[in-house]
2 protein chains.
Amino acid sequence: MESTNEFLSEMYGAHPRHYVAVDCVIFGYNNGELKLLLYPRSFEPSKGNWSLPGGFVQNHESSDQAAIRILKKTTGLDNIFMEQVAAFAEPDREKAARVISLAYYALVRLDQYDENLLKEYGATWYSLTDMPDLIFDHNEMVAKALAKLQYTAGYQLVGSELLPELFTLTQLRRLYEAIFQRELDPGNFRKKILSLGILKRSNRKDSTESKKGAYYYCYHQEGIQEKEIGRIIKV
Amino acid sequence: MESTNEFLSEMYGAHPRHYVAVDCVIFGYNNGELKLLLYPRSFEPSKGNWSLPGGFVQNHESSDQAAIRILKKTTGLDNIFMEQVAAFAEPDREKAARVISLAYYALVRLDQYDENLLKEYGATWYSLTDMPDLIFDHNEMVAKALAKLQYTAGYQLVGSELLPELFTLTQLRRLYEAIFQRELDPGNFRKKILSLGILKRSNRKDSTESKKGAYYYCYHQEGIQEKEIGRIIKV
DNA sequence: ACAAAAGTGTTGTATTTACACCCATGA
DNA sequence: TCATGGGTGTAAATACAACACTTTTGT
């Protein structure tokens with residue numbers, strides 16, 4: 001798929017081409033905790049140091065598709081909520097070769113994750129609060145990814161990917177507490193969320209988390225969670 | 001600067017490399033209006049159609065540096081406020097070759113702009129409200145750039161690049177009205193901005209814009225406009 | 001009975017919004 | 001004097017935060 005005609009060599013030929021990678025900040029949610037999937041780097045330089053899973057953008061795929069491919073390979077999951085974070089393009093950000101990296105973040109459910117993939121590569125879920133130092137500029141990628149996740153979660157309900165079909169408001173609150181890394185008042189959160197009018201109460205109740213039992217809710221319609229609803233949580 | 005040892009050919013060699021471009025959404029501000037600098041494309045395909053100024057990322061420069069270089073070349077200015085917007089990486093976004101583009105936006109003062117550069121390339125400043133269709137995905141770049149500018153301007157005062165050293169609160173308000181594309185209440189804006197404590201009133205007055213005259217303000221200290229100040233304008 | 005989460009209500013504060021209104025002055 | 005933007009004040013509405021209190025039920 002090389003383009004070699006005269007026009008192209010005139011317009012593009014004089015310019016260098018670069019490896020373009022996608023690195024994924026994979027947030028795994030389970031039970032009130034947000035964790036981060038890290039891989040020990042399997043080759044020099046920086047062998048053994050922790051890093052984000054990544055891969056190279058191929059010729060006929062978009063960076064979004066590359067991210068989907070990497071997520072599938074590393075977690076076994078597809079249909080994942082995912083957003084581009086930023087491009088990292090310092091010329092010497094990787095020692096061995098120049099690689100321009102596009103950072104993405106993704107949200108997955110820890111309980112749906114394929115355990116075997118963990119062992120195969122020695123990957124580990126780290127809590128955000130006690131994760132190790134990462135190679136290159138991956139620390140910065142994580143920081144920016146979390147900031148973008150918080151921004152996005154502040155404008156739309158991001159629950160559908162991380163919670164079961166039916167969920168209680170407490171479950172949703174714990175998810176938001178994990179994303180925003182702080183406690184949220186149960187009563188105020190409940191009122192705020194319900195006032196948005198995007199949740200529908202089912203007639204079933206959850207009895208596992210409390211004696212009284214809590215109603216299950218679900219989204220009013222598929223997709224409606226992405227409509228304009230103004231700020232949910234102040235950032 | 002090719003890396004050809006065995007390790008690299010193993011780790012990187014099998015992967016394709018891509019042209020990486022930087023496209024700049026250059027917002028020019030003057031007199032209450034935000035304009036966009038557009039170039040007629042000088043070669044096929046899409047010759048004559050309007051596009052954002054851009055260029056290719058070279059071997060030893062970061063994408064930020066590439067953006068600075070392009071801004072210098074197209075406007076004659078350096079030391080410009082600038083932010084990365086996003087990467088655009090659909091495989092067929094440009095017809096002739098695969099180019100992954102990193103969009104940036106920048107803010108410049110229209111009155112400092114080098115007029116000669118305009119004529120040389122046939123570039124034109126377009127008002128945001130009546131700009132032509134752009135090639136490729138450049139329309140989307142502009143939309144995302146404006147959204148990011150609004151987000152950033154909502155958290156920090158972006159005036160220092162676009163206003164003179166000394167400016168009146170009305171001038172600052174007009175800038176914010178241009179950025180947010182809506183009118184802002186003069187009294188409320190004044191109180192909000194002053195409450196941030198980052199402006200210092202000078203003892204000089206502007207007499208050109210009103211009969212009464214308005215005090216000039218300036219930033220308390222250089223750089224302070226970037227400190228955390230919470231939301232200025234609700235987005 | 002009581003602990004613990006679900007769910008509702010209340011209250012004080014801060015912020016936002018929409019104005020009214022006085023001030024200063026050039027034309 | 002009067003039109004105009006500069007600048008201040010105020011009142012209603014809304015949003016936010018803290019927390020009391022009531023409900024339900026498994027143990």
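Here is the naming used below: chain letters follow the sequence lines, and residue numbers restart at 1 for every chain.
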**Student:** So, for A/Ile179 and A/Leu146, which heavy atoms are closest and what is the spacing to 0.1 Å?
**Tutor:**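 That would be O-CD1, 3.9 Å.
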**Student:** Checking side-chain polar atoms at under 3.5 Å, does B/Thr168 have a donor or acceptor matched by the opposite partner on B/Asp206?
**Tutor:**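 No, no side-chain donor-acceptor pair sits under 3.5 Å.
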**Student:** Nearest-Å distance, OH (B/Tyr216) to P (D/dG6)?
**Tutor:**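 Taking OH of B/Tyr216 and P of D/dG6, I get 12 Å after rounding.
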**Student:** Please confirm whether the backbone N or O of A/Ser51 pairs with a side-chain atom of A/His138, one donor and one acceptor, at under 3.5 Å?
**Tutor:**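 No: the side chain of A/His138 does not pair with the backbone of A/Ser51.
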**Student:** Return the value, rounded to whole Å, for the distance between atom CG of B/Leu184 and atom P of C/dA18.
**Tutor:**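 Nearest whole value for this atom pair: 11 Å.
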**Student:** Is there any protein nitrogen or oxygen under 3.5 Å from a nitrogen or oxygen in nucleotides 7-9 of chain C, and what are the pairs?
**Tutor:**
{"from": "C/dG7", "atom 1": "OP1", "to": "A/Tyr215", "atom 2": "N", "distance (Å)": "3.1"}
{"from": "C/dG7", "atom 1": "OP2", "to": "A/Arg190", "atom 2": "NH2", "distance (Å)": "2.6"}
{"from": "C/dG7", "atom 1": "O5'", "to": "A/Arg190", "atom 2": "NH2", "distance (Å)": "3.2"}
{"from": "C/dG9", "atom 1": "O6", "to": "A/Lys191", "atom 2": "NZ", "distance (Å)": "3.0"}

**Student:** What is the distance from CZ of B/Phe189 to C1' of D/dG7, rounded to the nearest Å?
**Tutor:**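 Atom-to-atom, B/Phe189 to D/dG7, this comes out as 15 Å.
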**Student:** Starting from P on C/dA5, measure out to CG on A/Asp206 and report it in whole angstrom.
**Tutor:**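 Result: 13 Å.
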**Student:** Considering non-hydrogen atoms only, spot the tightest contact between B/Ile70 and B/Cys24 and give its length.
**Tutor:**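 In terms of heavy atoms, the two residues are closest at CG2-SG, 3.9 Å.
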**Student:** Side chain of A/Gln156, backbone of A/Ala153: donor and acceptor closer than 3.5 Å?
**Tutor:**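 Between the backbone of A/Ala153 and the side chain of A/Gln156 there is no qualifying donor-acceptor contact (under 3.5 Å).
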**Student:** Can you confirm whether B/Glu120 is buried at CD, in the sense that more than 12 heavy atoms of other residues, nucleotides or ligands lie under 6.0 Å from that atom?
**Tutor:**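 Yes, the 6.0 Å shell around CD holds more than 12 heavy atoms from other groups.
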**Student:** Which nucleotide in the list D/dC16, D/dG5, C/dT25 gets nearest to the side chain of B/Lys211?
**Tutor:**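 Looking only at side-chain atoms, B/Lys211 lies closest to C/dT25.
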